[in-house]
K.L.:
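Take a look at this one; I'll ask things after.
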Amino acid sequence: MGLSILVVDDSAVMRMMISRGLRQAGFEVTKTVEASNGEEALAKFAAGGIDIVFSDLNMPTMDGLEFAKRLRKLSPTVPILLITAEGSSAKMEEAKACGVSDFLRKPPTAVDLKLKVGPLLGPA
């Protein structure tokens, strides 16, 4: 089964690392949609066909938490993984309340992606 992903990060390098890491983890990524901020990502998500969303926490225009809240209004079920270098328990709780499914530390490895994405979508 091919995977359509949305990667939201103001770093083009990080967006590429997520897509490459998923392939290295054994996932068949057939479509990668990229956005550099939450506003752009919401518009691209609305076009449809996304299986899972990866979002940075700190971005210009709209941060990852506001993006997750707005995305949940469009889709209550799509998995959202928040990617961040931060990791306070208060921030994690706030993110869960905004609809985030799980978290990844920056930079995520293929092993990290397999461990987090597998349970959300099924095995690679």
Side-chain angles (χ1 to χ4, degrees):
M1 173 184 109
L3 198 57
S4 294
I5 65 171
L6 172 60
V7 185
V8 190
D9 198 301
D10 52 325
S11 164
V13 171
M14 187 57 62
R15 294 192 306 263
M16 185 225 23
M17 286 176 66
I18 298 296
S19 184
R20 182 188 303 155
L22 284 166
R23 286 183 179 91
Q24 290 171 341
F27 293 96
E28 181 188 344
V29 179
T30 54
K31 180 171 127 184
T32 301
V33 178
E34 296 185 10
S36 60
N37 64 60
E39 287 286 347
E40 182 185 349
L42 286 172
K44 289 184 175 186
F45 183 85
I50 301 297
D51 298 313
I52 188 166
V53 176
F54 299 86
S55 176
D56 189 12
L57 174 59
N58 295 312
M59 297 179 289
T61 310
M62 180 189 303
D63 71 12
L65 297 182
E66 181 62 26
F67 168 67
K69 277 193 249 182
R70 290 194 189 179
L71 184 62
R72 279 291 166 242
K73 291 178 182 171
L74 296 174
S75 173
T77 59
V78 69
I80 303 171
L81 283 128
L82 194 67
I83 306 161
T84 182
E86 297 179 32
S88 72
S89 57
K91 188 60 79 177
M92 302 289 185
E93 289 301 315
E94 184 180 359
K96 287 281 190 185
C98 292
V100 170
S101 307
D102 210 338
F103 307 90
L104 285 164
R105 294 253 181 241
K106 275 189 174 181
T109 66
V111 172
D112 296 334
L113 288 162
K114 188 167 194 131
L115 289 172
K116 296 291 185 163
V117 174
L120 293 172
L121 297 178

K.L.:
Show your reasoning for whether side chain to side chain contact (heavy atoms under 4.5 Å, CB included) applies to Ile80 and Arg72.
P.N.:
CA-CA 9 Å; Ile80 303 171; Arg72 279 291 166 242; 3.5 Å; yes
K.L.:
Do NZ/NE/NH1/NH2 and the carboxylate oxygens of Arg70 and Glu39 come within less than 4.0 Å?
P.N.:
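Yes.
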K.L.:
Identify the heavy atoms of Ala25 and Ala110 that sit nearest to each other, and give their distance.
P.N.:
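What the structure gives for the nearest pair is CB-O, 3.4 Å.
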K.L.:
Grab the two heavy atoms, one from Leu120 and one from Ser101, that are nearest each other, plus how far apart they are.
P.N.:
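Closest pair (atom of Leu120, atom of Ser101, distance): CD2-CB, 4.1 Å.
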K.L.:
What distance separates Ser55 OG from Asp9 CG, expressed to the nearest 0.5 Å?
P.N.:
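It comes to 7.5 Å.
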K.L.:
At what distance, to the nearest 0.5 angstrom, does CG of Leu81 lie from CD1 of Ile52?
P.N.:
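Leu81 atom CG to Ile52 atom CD1 measures 4.5 Å (nearest 0.5 Å).
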K.L.:
Search all heavy atoms of Met59 against all heavy atoms of Gly38 and return the closest pair with its distance.
P.N.:
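Taking Met59 first and Gly38 second, the nearest heavy atoms are CE-N, 4.1 Å.
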K.L.:
Assess whether side chain to side chain contact (heavy atoms under 4.5 Å, CB included) is satisfied between Phe67 and Val53, documenting all intermediate values.
P.N.:
CA-CA 11 Å; Phe67 168 67; Val53 176; 3.7 Å; yes
K.L.:
Evaluate side chain to side chain contact (heavy atoms under 4.5 Å, CB included) for Met62 paired with Asn37, printing each intermediate quantity in order.
P.N.:
CA-CA 6 Å; Met62 180 189 303; Asn37 64 60; 5.7 Å; no
K.L.:
Do you know which two heavy atoms are closest between Lys44 and Glu34, and how far apart they sit?
P.N.:
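Scanning both residues completely, I find the closest heavy atoms to be NZ-O, 2.7 Å.
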K.L.:
Would you compute the distance between atom CG of Leu104 and atom CG of Leu57 and round it to the nearest 0.5 angstrom?
P.N.:
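Going from CG on Leu104 over to CG on Leu57, the span is 12.5 Å.
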K.L.:
Would a single hydrophobic cluster contain both Leu115 and Ile83, if residues Ile, Leu, Val, Met, Phe, Trp and Tyr are joined by side-chain heavy-atom contacts under 4.5 Å?
P.N.:
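No.
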K.L.:
Between CG of Leu82 and NZ of Lys116, what distance do you get to the nearest 0.5 Å?
P.N.:
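Rounded to the nearest 0.5 Å, the CG-NZ separation comes out at 11.0 Å.
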K.L.:
Under the side chain to side chain contact (heavy atoms under 4.5 Å, CB included) criterion, do Asp10 and Asn58 qualify, and how do the steps go?
P.N.:
CA-CA 8 Å; Asp10 52 325; Asn58 295 312; over 6 Å; no
K.L.:
What's the separation between atom CD1 in Ile50 and atom CG in Leu74, rounded to the nearest 0.5 Å?
P.N.:
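The CG atom of Leu74 is 12.0 Å from CD1 of Ile50, to the nearest 0.5 Å.
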K.L.:
For Asp112 versus Pro107, what's the shortest heavy-atom pair and its separation?
P.N.:
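That would be OD2-O, 4.2 Å.
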K.L.:
What's the shortest heavy-atom distance between Val8 and Leu6, and which atoms?
P.N.:
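Smallest heavy-atom distance, with atoms named: CG2-CG, 3.9 Å.
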K.L.:
If only atom types and distance count, is the side chain of Arg23 paired as donor or acceptor with the main-chain N or O of Ile18 below 3.5 Å?
P.N.:
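No.
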K.L.:
State the CG-CZ distance between Asp56 and Arg15, to the nearest 0.5 angstrom.
P.N.:
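Interatomic distance, Asp56 CG to Arg15 CZ, rounded to 0.5 Å: 10.5 Å.
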K.L.:
Does Asp51 reach the main-chain N or O of Ile5 with its side chain, forming a donor-acceptor pair under 3.5 Å?
P.N.:
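Looks like no, no N/O pair under 3.5 Å.
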K.L.:
Run the salt bridge (Lys or Arg N to Asp or Glu O under 4.0 Å) check on Glu93 and Lys96 step by step: do they pass?
P.N.:
CA-CA 5 Å; Glu93 289 301 315; Lys96 287 281 190 185; over 6 Å; no
K.L.:
Can you get from Val7 to Leu121 by hopping between Ile, Leu, Val, Met, Phe, Trp and Tyr side chains that sit under 4.5 Å apart?
P.N.:
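Same cluster: Val7 reaches Leu121 through Ile, Leu, Val, Met, Phe, Trp or Tyr contacts under 4.5 Å.
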